[in-house]
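A quick write-up on the structure given underneath.
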Number of protein chains: 2
Amino acid sequence: MTSSQTSQIYERLRAAILSLDLLPGERLTERGLEIDFAASRTPVRAALMRLDAEGLVVRGPRGFAVAPIDATEIGELAELREAVETAAVRSAAVRASDSEVAALSELLEAARHTADEAGVVQAGGRFHVELAALSGNSMMTDSVRGAMTRLARTRWLEGRTPESREQAWREHREIVDAVATHDADLAATLVAAHIRGTNDRLQQFLAGQQLALRSRGLTIVRNLPPLGSP
Amino acid sequence: MTSSQTSQIYERLRAAILSLDLLPGERLTERGLEIDFAASRTPVRAALMRLDAEGLVVRGPRGFAVAPIDATEIGELAELREAVETAAVRSAAVRASDSEVAALSELLEAARHTADEAGVVQAGGRFHVELAALSGNSMMTDSVRGAMTRLARTRWLEGRTPESREQAWREHREIVDAVATHDADLAATLVAAHIRGTNDRLQQFLAGQQLALRSRGLTIVRNLPPLGSP
DNA sequence: TGTACCGTTTTGGTATACCAAGAAGAATAC
DNA sequence: GTATTCTTCTTGGTATACCAAAACGGTACA
């Protein structure tokens, strides 16, 4: 946080989008945000362009809108993650030092007892990024980070049960252990299964809750949003 | 090309960077570009932000600079590509229709007889993007596109011999054939070998030509550029 | 001759005024 | 009552002026 207005607006907008405080599909006009944030259009535009690059907002012929949540995109991201994260965890299992693995393990332990809902989701995303970082490959790490960012809203939306949370935590634990013992094949298998399982649950949830969500005012799980419609 | 000034400046800057007309490490001041392009700073800034998101320019405490060519980054991109493109080509081999494969094959044939040097490099990059697109996964396709963009300068710099060009073309041909026969394993193996081979040649080239390139005024193959030094 | 200090210049960050294009709405003709 | 056209208003795109911070250069002093 460089504390420049651009950064502040970016951070706040990003948080609002990821926490679903700004609903998917909601239009974002430069002049509206200018008023909301009590700033000029210049930093607002800069923040929007950053968010556009991240895929959190989309550009239409008529300005910006909060990126819709698209079940197809989520599935595609799961495929991408499986490819990248399995390769990353293989590298990690081979080259990560004991202290690096220990640090990740500690992060995992700390996340176990996180109280607030939002913190759990954030911790889950961060785990995957830090795990990828153990590969030493910053390109892979950035790829995973981008994917987790795009998935953050959906994961938050899912509102996991304590049981599913515990399951996810256990799977993370197993992955770290596999990395710690330098078992690349096992680690990769576990990662692939974890991502697949998570995505399956996510897709099932989205399909099942589609109507309920829509009634809450969320235009979720639509493919190729028209963006010009009300 | 929306013909807005932002887009035009973006396109021209991008072309200048990729063709090494603007040297890696060269500083780009907003006011300097403002003069060069006979436009105001607003579209210049917007274009720079886009290029920043693409990784073609980097931000320092003192403005922007053309992204340096970093051998480490190139290696990391090769790893990322191997992970993503093998997964993508597997999907492509399974689901791509005959007509889609035929279109890619045609693209390949057309590229064979491209005369100009720049066209060959561009065609090579495009082949990989279009191949990834056959997976039907736009996230993977975008990932590959981003990687090819970052690699474009180095590939251009390499200045392949007609023999190596022919070899690359043959490997591409084999990959397409494997996809056409729906042999996912073979296609993935060929893609992995192709990417590895290309990267090995690239790394060897960079290591060997490092001094020669530097004498040509190119500050290439430096890791973690200070950006504040002369 | 070396060093420290101060003014100047250049930089990115920001605010804001202006413009053309297009959407929305009202008024009018039928 | 409906359709059409014209006006008005909102939108993003652009130009530009201003600001603070930081780099640069020159000068004065030791």
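What you see is a predicted model; the values in this text were computed from it and never measured.
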*Minimum heavy-atom separation for A:T154 to A:L202, with atom names?*
CG2-CG, 3.8 Å
*asked:* Going by ring pair (Phe, Tyr, Trp, His ring centres under 6.0 Å), name the pairs with one or both residues in residues 117-150 of chain A, residues two or more places apart or in two chains.
replied: A:F127-A:H172, A:H128-A:H172, A:H128-A:H194
*Audit row: A:S4, A:T6, side-chain hydrogen bond (donor to acceptor under 3.5 Å, both in side chains) steps and yes/no*: CA-CA 5 Å; A:S4 71; A:T6 297; 4.7 Å; no
Side-chain donor/acceptor pairs under 3.5 Å, residues 48-58 of chain A, sequence neighbours excluded:
residue : atom : partner : partner atom : Å
A:R50   : NH2  : A:S7    : OG           : 3.3
A:E54   : OE1  : A:Y10   : OH           : 2.5
A:E54   : OE2  : A:Y10   : OH           : 3.3
A:E54   : OE2  : A:R14   : NE           : 3.4

*Nucleotide by nucleotide, 5' to 3', does protein get under 4.0 Å of the base (B), only the sugar-phosphate (S), or neither (-) in nucleotides 14-23 of chain D, counting heavy atoms?*
BBBBB-----
*Within this structure, what is the CE-to-P distance between B:M49 and D:dG13, rounded to whole angstrom?*
12 Å
*B:E34 and B:R41 ion-paired at < 4.0 Å*: no
*side chain to side chain donor-acceptor pair (under 3.5 Å) with A:S138: which residues, sequence neighbours excluded?*
B:E76
*Which heavy atom of A:L22 sits nearest a heavy atom of A:E26, and at what distance?*
CD2-OE2, 3.6 Å
_Stretch residues 50-57 of chain A: residues that reach within less than 4.0 Å of DNA chain C through a heavy atom_ = none
*Would you indicate what B:L48 reaches in the nucleic acid, counting non-hydrogen atoms under 4.0 angstrom: base, sugar-phosphate, or nothing?*
nothing
_Going by side chain to side chain donor-acceptor pair (under 3.5 Å), name the residues that satisfy it together with A:R196, two or more places apart in sequence or in a different chain._
A:E82
